[in-house]
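Quick notes on the structure that follows.
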Amino acid sequence: MSGQTKYAPGDKMVSLIADNYQLIQVMSRFGIPMGFGDMTVEEVCAANGVDCSTFLAVVNFMIEGYSNFDGGSEVSVKALLHYLRQSHIYFLDYCLPAIRRKLLEGISLRTTDVSFLILKFFDEYMHEVKVHMDYEEMTVFEYVNALLKGESAENYKIATYSEHHDLVSTKLKELKSIIIKYCPKDANTNLLNDALYDIYRCETELESHCHVEDCLLVPAIMHMERDRH
């Protein structure tokens, strides 16, 4: 490993996970399974058909919180798009539904008290996240795919997406406040606390996901747009 947080192709993949367990999710979204022994990052990526530069760009961004590249050839847009799409699948099909199940198990649902309000807020939040990610899939990612195919898409620019890319966090903050301040007295404390912990973790992961889009995807697409003119 070079430096304290900057990882390079020759570093052992196991070192990344040992130092930063959160990177397990990054590996999963790139399609990298466990069981890589003492192989280096470069070797593991090659064995799994993953662009090593893109993988390390995301990994180092997640650790350092900023991007060191200028939107040039360091990142494969195709690989980054795959990573982001897998992230959407994780949030919509696994993470958020799992939290909802914990909330349901942790509260005694009735339509007349705060337990109903908790579920209502969470369902509204899930809807906002789905709308946001559906827009990305159908508009932004399709635009990027068109650029990758060399097709013209003069009616859209990635700057439009960048200007309107707001985190869907208001509902989640309200939900956390309701659970903390007005937790139903007959709730299963362990289950509800576990759900609350997952909500905080999910919020952090969603923020990181959006930052990857803003700081890695958007500059890379702007670079592609400039090259077309």
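Every heavy atom of this structure was used, including side-chain atoms; hydrogens, water molecules and symmetry mates were not.
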How about [X] and [Y]: do any of their side-chain heavy atoms sit closer than 4.5 Å?
{"X": "L96", "Y": "K130", "value": "no"}
{"X": "K78", "Y": "H82", "value": "no"}
{"X": "L119", "Y": "R100", "value": "yes"}
{"X": "E64", "Y": "K6", "value": "yes"}
{"X": "V26", "Y": "I32", "value": "no"}
{"X": "Y83", "Y": "T54", "value": "no"}
{"X": "L217", "Y": "V212", "value": "no"}
{"X": "M34", "Y": "M27", "value": "yes"}

Would you say [Y] ends up clustered with [X] if hydrophobic residues are merged whenever their side chains have heavy atoms under 4.5 Å apart, either directly or through other cluster members?
{"X": "L191", "Y": "L103", "answer": "no"}
{"X": "Y200", "Y": "I118", "answer": "yes"}
{"X": "Y197", "Y": "I179", "answer": "no"}
{"X": "V129", "Y": "M138", "answer": "no"}
{"X": "V218", "Y": "L148", "answer": "yes"}

Legend entry - Any donor-acceptor N/O pair, S15 side chain to D11 backbone, under 3.5 Å: no
Inset, instruction - Output yes when a side-chain donor or acceptor of S28 lies under 3.5 Å from a complementary backbone atom of I24, and no otherwise. - result: no
For a quick test of your reading: what N or O donor-acceptor pairs under 3.5 Å do the side chains of residues 42-49 make, sequence neighbours left out?
{"unit_1": "E43", "atom_1": "OE1", "unit_2": "T40", "atom_2": "N", "d": "2.9"}
{"unit_1": "E43", "atom_1": "OE1", "unit_2": "T40", "atom_2": "OG1", "d": "3.4"}
{"unit_1": "N48", "atom_1": "ND2", "unit_2": "V44", "atom_2": "O", "d": "2.8"}

Inset, instruction - Verify side-chain contact (heavy atoms from CB on, under 4.5 Å) between K176 and L196, making sure each step is shown before the conclusion. - result: CA-CA 7 Å; K176 290 185 297 184; L196 183 60; 4.1 Å; yes
Reported [atom1]-to-[atom2] distance for the pair [X] and [Y], which is rounded to 0.5 angstrom:
{"X": "F55", "Y": "M13", "atom1": "CZ", "atom2": "CE", "result": "4.0 Å"}
{"X": "K102", "Y": "N190", "atom1": "NZ", "atom2": "CG", "result": "11.5 Å"}
{"X": "L172", "Y": "I99", "atom1": "CG", "atom2": "CD1", "result": "8.0 Å"}
{"X": "M126", "Y": "L92", "atom1": "CE", "atom2": "CG", "result": "7.5 Å"}
{"X": "L175", "Y": "K173", "atom1": "CG", "atom2": "NZ", "result": "12.0 Å"}
{"X": "S53", "Y": "L80", "atom1": "OG", "atom2": "CG", "result": "12.5 Å"}

Legend entry - Pair E136, H132: side-chain N/O donor-acceptor within cut-off below 3.5 Å: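 Checked: E136/H132 side chains pair up, N/O donor to acceptor below 3.5 Å.
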Legend entry - No-hydrogen, no-angle side-chain donor-acceptor test under 3.5 Å, E205 and H209: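 Short answer, no.
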Inset, instruction - Assess R29 against F91: is NZ or CZ under 6.0 Å from the centre of the six-membered ring, and within 45 degrees of the ring's axis? - result: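 Yes, cation above the ring, under 6.0 Å and within 45°.
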Inset, instruction - Apply side-chain contact (heavy atoms from CB on, under 4.5 Å) to the pair I89 and Q86, showing each step before the final yes or no. - result: CA-CA 5 Å; I89 292 171; Q86 291 304 309; 3.8 Å; yes
Legend entry - Salt bridge flag under 4.0 Å for residues D123 and K120: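 Here D123 does not pair with K120 in a salt bridge, since their nearest N and O are not under 4.0 Å apart.
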Legend entry - Those residues that, when tested against N20, pass side chain to side chain donor-acceptor pair (under 3.5 Å) (two or more places apart): Y7
Inset, instruction - Could you check K157 against Y143 for side-chain contact (heavy atoms from CB on, under 4.5 Å), going step by step and ending with a plain yes or no? - result: CA-CA 8 Å; K157 296 294 180 187; Y143 167 69; 4.1 Å; yes
Inset, instruction - Kindly indicate, with the supporting measurements, whether the criterion ring-ring contact (aromatic ring centres under 6.0 Å, His included) is fulfilled by F141 and H88. - result: CA-CA 12 Å; F141 292 176; H88 287 181; 5.4 Å; yes
Legend entry - Pairing residues for R85 by the salt bridge (charged side-chain N to carboxylate O under 4.0 Å, His left out) criterion, not counting sequence neighbours: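 Residues passing salt bridge (charged side-chain N to carboxylate O under 4.0 Å, His left out) with R85: E137, E142.
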